[in-house]
Colleague: 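Please find one structure pasted underneath; my questions will follow.
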Amino acid sequence: MEETSLQLLTYGLWALEKKNIPLDNIRIQKAYLQDDILESLDFSELHLQRARARILQDAEILTELDDFGRDGVIEAFSACGQERICDQCPFKKICTKR
Ligand code: SF4
């Protein structure tokens, strides 16, 4: 699942679960403001279930890694491998994983 899709599906999950908006009334769109383009993301209940599962899995992984992060055990972590994310990372100047 692409990270952008996961982020947008998370908004859909929020609308469904926290605001009780019926699935049929939820639209997920990505706006490219500079290009004046609006792109719709087709999704279903299955996509939302997958997004929910991915969020829970990621949360479990983060919980398992928490002690390593607090103790500074850098070997426990792999590089994110996404240049766009590394470019915005506050640790990029000292990161040895890039
Ligand atoms: S710069 Fe390093 S710490 Fe930051 S996201 Fe990239 S790999 Fe992770």
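Whatever order the structure lists them in is the order used to number ligands and atoms, beginning at 1.
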Colleague: Check the surroundings of atom CZ in Phe77: do more than 12 heavy atoms from other residues, nucleotides or ligands lie under 6.0 Å from it?
Modeller: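 Result for CZ/Phe77: enclosed.
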
Colleague: Take Leu16 and Glu45 through the side chain to side chain contact (heavy atoms under 4.5 Å, CB included) test and state the conclusion after the steps.
Modeller: CA-CA 10 Å; Leu16 183 72; Glu45 176 64 31; 4.0 Å; yes

Colleague: Suppose we only count N/O/S atoms under 2.8 Å; would Cys95 qualify as near atom 2 (Fe) of ligand 1?
Modeller: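 So Cys95 does bind atom 2 (Fe) of ligand 1 by this criterion.
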
Colleague: Return the residue, atom name and 0.1 Å-rounded distance of the protein heavy atom closest to atom 7 (S) of ligand 1.
Modeller: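 The protein heavy atom lying closest is Cys80 N, 3.6 Å.
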
Colleague: Is atom 6 (Fe) of ligand 1 less than 2.8 Å from at least one N/O/S atom of Cys86?
Modeller: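 True for Cys86.
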
Colleague: Could you tell me whether Arg98 approaches ligand 1 through its side chain, its backbone, both or neither, with non-hydrogen atoms closer than 4.0 Å?
Modeller: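 The part of Arg98 near ligand 1 is the side chain, not the backbone.
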
Colleague: Nearest heavy-atom pair of Leu9 and Ala51: which atoms, and what distance?
Modeller: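 For Leu9 versus Ala51, the nearest heavy atoms are CB-CB, 3.8 Å.
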
Colleague: Does Asp36 have more than 12 heavy atoms from other residues, nucleotides or ligands lying within 6.0 Å of its CG?
Modeller: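 Open: at most 12 neighbouring heavy atoms sit under 6.0 Å from CG of Asp36.
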
Colleague: Which atom names give the shortest non-hydrogen contact between Lys97 and Ala79, and what distance separates them?
Modeller: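 Nearest heavy atoms, Lys97 then Ala79: O-CB, 3.0 Å.
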
Colleague: Measuring to atom 4 (Fe) of ligand 1, does Cys89 have an N/O/S atom at a distance below 2.8 Å?
Modeller: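 A backbone or side-chain N, O or S atom of Cys89 is under 2.8 Å from atom 4 (Fe) of ligand 1.
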
